[in-house]
Amino acid sequence: MLDKTFKPGEVETRLYQQWEESGAFRAGTRPKTESFSIVIPPPNVTGNLHLGHALNNTLQDALARFERMRGKNVLWQPGTDHAGIATQLVVERELAKRQLNRKRMGREAFLAEVWKWKEESGGNIVRQLRRLGASCDWSRERFTMDEGLSRAVLKVFVALHKQGLIYKDKRLVNWDPRLQTAVSDLEVENIELKGHLWHIKYPIEGQDGRFITVATTRPETMLGDVAVAVHPEDERYRALLGKRAILPLANRPIPIIADEYTDPEKGTGAVKITPGHDFNDFEVGRRHKLPLINILTPEGALNEQVPEAYRGLDRFEARKRVVADLEAAGLIDKIEDIVHAIPHDEKTKTVVLEPYLTEQWYLNVTSLAEKAVEAVNKGRTTFTPEHWTNVYYNWMSNIQPWCISRQLWWGHQIPAWYGPDGKIFVEETEALAKTAAEKHYGKPTALKRDQDVLDTWFSSALWPFSTLGWPEKTSELKRYYPTSVLVTGFDIIFFWVARMMMMGLHFMNDVPFKKVFIHTRVLDEKGQKMSKTKGNVVDPLDLINEYGADALRFALSLAAGQGKDIRLGLNRVETCRNFGTKLWNAARFCEMNECVRKRDFDPKTATETVNRWIVAETARTVIVVTDSLEAFRFNEAAGAVYHFVWDVFCDWYLEFIKPVLNGNDEDAKAETRDTAAWTLDRILQMLHPFMPFITEELWARMAEHAEPRRSMLMLSPWPDLKALPKHEDATAEMRWLIDLVSGVRSVRSEMNVPPGARIALYMKDANRDSATRLVRHRDEVMTLARLSSARVTTEIPAGSAQFVIGEAVAALPLGDVIDFAKERTRLAKELKKAEDEITRFDAKLSNEAFVSRAPEDVIEEQKEKRAEAAALASRLTEALKRLSG
RNA sequence: GGGCGAUUAGCUCAGCGGUAGAGCAUCUCGUUUACACCGAGGAGGUCGGGGGUUCGAAUCCCUCAUCGCCCACCA
């Protein structure tokens, strides 16, 4: 006997273990069938499951389970990402607690610590995914820095280098002074902040008292100025072209040059040029062959290129000093308050990034991007929802070289070795590099390895094929590449999706996935992004502990629309937990009434109206769920089952069959038991992709007193009910019956039948088809009476039926009852409308402005309209009275 | 500056050419042997404003407004 409620905590772990141990998650168990593959967006190994992960993996799992039940050979490839910066930061923080420091301990020791940390704490997220019920093939779990994947990274790097697509370049990068590494353009977070625009006067050389005024938001960079630029057409400055300005504080003469980059409309029309610390100025400097002065140390302090007074000062300290000194010298023209975007690191959003001149490795992605655009253009990969296609195109067509080196320790170390003269040898191993060097120098030569590591996204970009064994020509690659679908959030379209497309096409000569489903973000109830600092983070594990994984999963599925962000409130999860309880109790009802599965039951053979109806409804729902899941309309699929289970199966079907199950017609009883059990089984199946635990548990428990199941629910075949008859006659009849019951309920309520009063219902038209059919079945009449809180007080005479509710106050024709509530509601609404109209006309007609300006006939017209509305209103009132009376 | 999305019941959202929907909240009634994590019923909306297309628009087009996001720029 089932308990009154489902207890997720007691069941989930056991079922998950059972699934995993059975090998049901393993790919390749059905080698001869069609394949369906998904690669998981690898979560950071440092990570903990947040609601975004929960949504992402719920949807993937729904698809994986759905396709597995449809008989496909499913691979859901799991794994984690080494997450260079995040992990290095976490471990450094841990070490700090033990008074240890990365730089003091050295690279090798530090990396050993990271690996140790990864072994000990890296499994969190994977355990949490299991709690969620994710049916990944854990036997194939990979890590972006494991041996195989690292080999793929080396191979790709070397190949791209040999193809000339990877190269070293010295240019400005976005520099993080705290981590002391370059980051790519994408990793810059521009944050709007209040700031100042300082207008600084630069004296003109040899012309005492004359100045050229420039404006800047970063005054300290003036110490690296090498010119002042004005627009060539700008009359104001024409006379100064070719002259020199004296850079204040540094006391250095710099030329005044003409460049189109300068916008005469902006600021003063004159711009200080600092090629070492501004991306635009860098270009100007290059055009004019200006020198480049770097005034910063990697930590962001001023270096020996600046006057002694400023050396060693942090950039923000230096800013204060520079401004103070300029002010003292009377060289500040004015200070404007402005709001402007300042580049920050995306991780902590607290460190201001600096444009900084360094030598880095770049990947020229122009040609790769072209192919990636073409593939989407030709429909080889499609985006759902479609509008993300444009986002992808836009970024791809403006793509810049990708800075792939990072000055970190944790990551794939770049396979480049330097000879004593700086000659670079890029090879997969040190041995190969040495061989190449020996060949080049004519003798064995000591080499020094590049210290940098690759951007984390470099290895992620290979994920769809590196996890399948590439560069080996494995059978998995052949079978599962391209993968069927990628499920991910829009925030990593550029970081990840686009780069997988490029790498996949380049190295596999085919797209990495045929479809991309982009889901929305999960926000808190108020629509705020969840963040630790705001303290509004909802931990999915807490939700799972309180409501069960099924409830969380179902809530997320129901909310997974294609447009808006998801605002997940607790009450939604609670509603879904209640839904689980409802299902559980429906099963409990079946159990109590011995509705157990009969193996050879054929739904086509049902004869009872109510049974034929539920069979048809079940088939309809399965088809909706199937179609919706195929199109990634998760909310529609989940919504369809929800509605079917609660509003159709529980509210009507189970109520209608009660009198049958308690009656004496043994044939009808047997058929009804079989049908109820059959329907419940189909419900469990179509609900399983969303609520795997409760459905699996019920699947097993419902068979305890019957023939044992052949398999677990997760391996049962997805119901294909397309061939079942539609039973339109039964559906129509049941609809009539349901309307009748609703009508009677409504009548009672609308007429304010006081307790103890009575309404007599009688049959006016005995020939009415449905009515005849209805009264033919005594059981159904009983049901009607029961459901509408009526009591059958007399035998049903031929051609008429009489129900009595309480004491009789009115008699209503049974056939009309159905329409009563609807008619009354309709009339009431029309009446309200008419009354509203009257109010509006009255307001208009008493409006002085209207009366004084409008011509006579318009006013007349308004009055007529008012009269019409009033007439309508009184007619409606009349009709309502008649109806109730 | 460029682009995208949103605006529907008190709240959260679905519907996207054919009589305005769900869940939650609220009100009334009800503890009849699956379920109070329940059941029945009610109240609550000129579908952001304005224009247009159509026999018919929440739905398609134009426009304005507000909010959100992405990209770019910032002397």
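Values reported hereafter were calculated over all heavy atoms of this structure, with side chains retained and with hydrogens, waters and symmetry mates removed. All chains are named by letter (A, B, ...) in the order of the sequence lines, taking the proteins before the strands, and each is independently numbered beginning at 1.
Between A/Asn635 and the phosphate of B/C13, there is no side-chain N or O to OP1/OP2 separation shorter than 4.0 Å. At least one side-chain nitrogen or oxygen of A/Thr217 sits closer than 4.0 Å to the OP1 or OP2 atom of B/A75. Remark: A/Lys4 is in phosphate contact with B/A36, judged by side-chain N or O atoms under 4.0 Å from OP1 or OP2. Distances shorter than 4.0 Å separate none of the side-chain N or O atoms of A/Trp395 from OP1 or OP2 on B/G2.
No side-chain donor-acceptor contact under 3.5 Å links A/Glu354 and A/His277. In this structure, a donor-acceptor pair under 3.5 Å is present between the side chains of A/Asp225 and A/Tyr202. Checked by atom type, the side-chain pair A/Asp259/A/His288 shows a donor-acceptor distance below 3.5 Å. A/Thr221 and A/Lys272 form a side-chain donor-acceptor contact under 3.5 Å, judged by distance and modelled atom types alone.
Residue A/Phe494 places its side chain closer to B/C71 than to any other of B/C24, B/C71, B/A34. The side chain of A/Ala341 lies closest to B/C73, out of B/A34, B/C35, B/C73. The A/Asp651 side chain lies nearest to B/A40 when the options are B/A40, B/C37, B/G5. With B/C35, B/U33, B/C13 as the choices, the nucleotide that has an atom nearest any side-chain atom of A/Arg572 turns out to be B/C13. Out of B/A34, B/C38, B/C24, the shortest distance to the side chain of A/Cys650 is found at B/A34. Checking B/G5, B/G39, B/C37 against the side-chain heavy atoms of A/His387 singles out B/G5 as nearest. Checked against B/A75, B/C37, B/C24, the side chain of A/Thr575 finds its nearest nucleotide in B/C24.
If you take CZ of A/Phe495 and P of B/C70, they are 11 Å apart, rounded to a whole angstrom. Between the P atom of B/A22 and the CD atom of A/Glu636 lies a distance of 17 Å, rounded to the nearest Å. The CD-P distance, from A/Glu386 to B/C4, rounds to 14 Å in whole Å. In this structure, the NE2 atom of A/His643 is 16 Å from the P atom of B/G15, given to the nearest Å. Atom OH in A/Tyr393 sits about 19 Å away from atom C1' in B/C70, given to the nearest Å. Look at CD on A/Glu655: it is 10 Å from C1' on B/U32, rounded to the nearest Å. One interatomic measurement links the two molecules: CZ of A/Phe649 to P of B/A34, which rounds to 13 Å at whole-angstrom precision. Put simply, CD1 on A/Ile493 is 13 Å from C1' on B/G3, counting in whole angstrom units.
Here A/Asp278 lies in heavy-atom contact (under 4.0 Å) with sugar-phosphate atoms only. As judged by a 4.0 angstrom heavy-atom cut-off over every strand, A/Tyr261 is placed among the base-contacting residues. Contact annotation for A/Val271: base contact, defined as any heavy-atom pair under 4.0 Å involving a base atom. Residue A/Thr262 is classed as a base contact, given a heavy-atom separation below 4.0 Å to a base. Looking at heavy-atom distances under 4.0 Å, A/Trp198 makes no contact with the nucleic acid at all. A/Asp263 comes within 4.0 angstrom of a base, heavy atoms only.
Taking the C1' atom of each, B/G52 and B/G45 are spaced 24 Å apart, rounded to whole Å. B/A36 and B/G15 have their C1' atoms separated by 31 Å, given to the nearest Å. Between the P atoms of B/G10 and B/C47, the separation comes to 12 Å (whole Å). B/U7 sits 25 Å from B/A43 when the C1' atoms are compared, rounded to a whole Å. Taking atom P on both B/G39 and B/U32, the two are 15 Å apart, rounded to the nearest angstrom. B/A40 sits 39 Å from B/G50 when the P atoms are compared, rounded to a whole Å. Look at the C1' atom in both B/A6 and B/A75: the space between them is 36 Å, to the nearest Å. The same atom, P, is picked in B/A22 and in B/G44; the two are 14 Å apart, to the nearest Å.
Using bins of under 30°, 30° to 60° and over 60° for the plane-to-plane angle, the ring pair A/Phe517/A/His519 lands in the tilted bin.
Nearest-nucleotide mapping onto RNA chain B: of A/Phe490 and A/Tyr642, the residue sitting toward the 5' end is A/Tyr642.
Across all strands shown, B/U7 is found opposite B/A65 as a Watson-Crick or G-U wobble partner, with both distances under 3.5 Å. Under the Watson-Crick and G-U wobble criteria, each requiring two contacts below 3.5 Å, nucleotide B/U19 is left unpaired. When both distances must be under 3.5 Å, the Watson-Crick or G-U wobble mate of B/A25 does not exist. Pair check for B/C38 finds B/G30; Watson-Crick or G-U wobble, both atom distances under 3.5 Å. Base pairing annotation: B/G56 forms no Watson-Crick or G-U wobble pair, as no partner gives both donor-acceptor distances under 3.5 Å.
Residue-to-nucleotide contacts include no donor-acceptor pair under 3.5 Å from the side chain of A/Arg588 to the base of B/C35.
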Derivation and outcome, side-chain contact (heavy atoms from CB on, under 4.5 Å), residues A/His231 and A/Tyr261: CA-CA 7 Å; A/His231 197 271; A/Tyr261 157 68; over 6 Å; no

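For the pair A/Arg597 and A/Trp678, the NZ or CZ position fails the cation-pi test of under 6.0 Å to the six-membered ring centre and within 45 degrees of the ring normal.
Two residues are said to be in side-chain contact when any heavy atoms from C-beta on lie closer than 4.5 Å; A/Lys4 and A/Arg588 meet this criterion.
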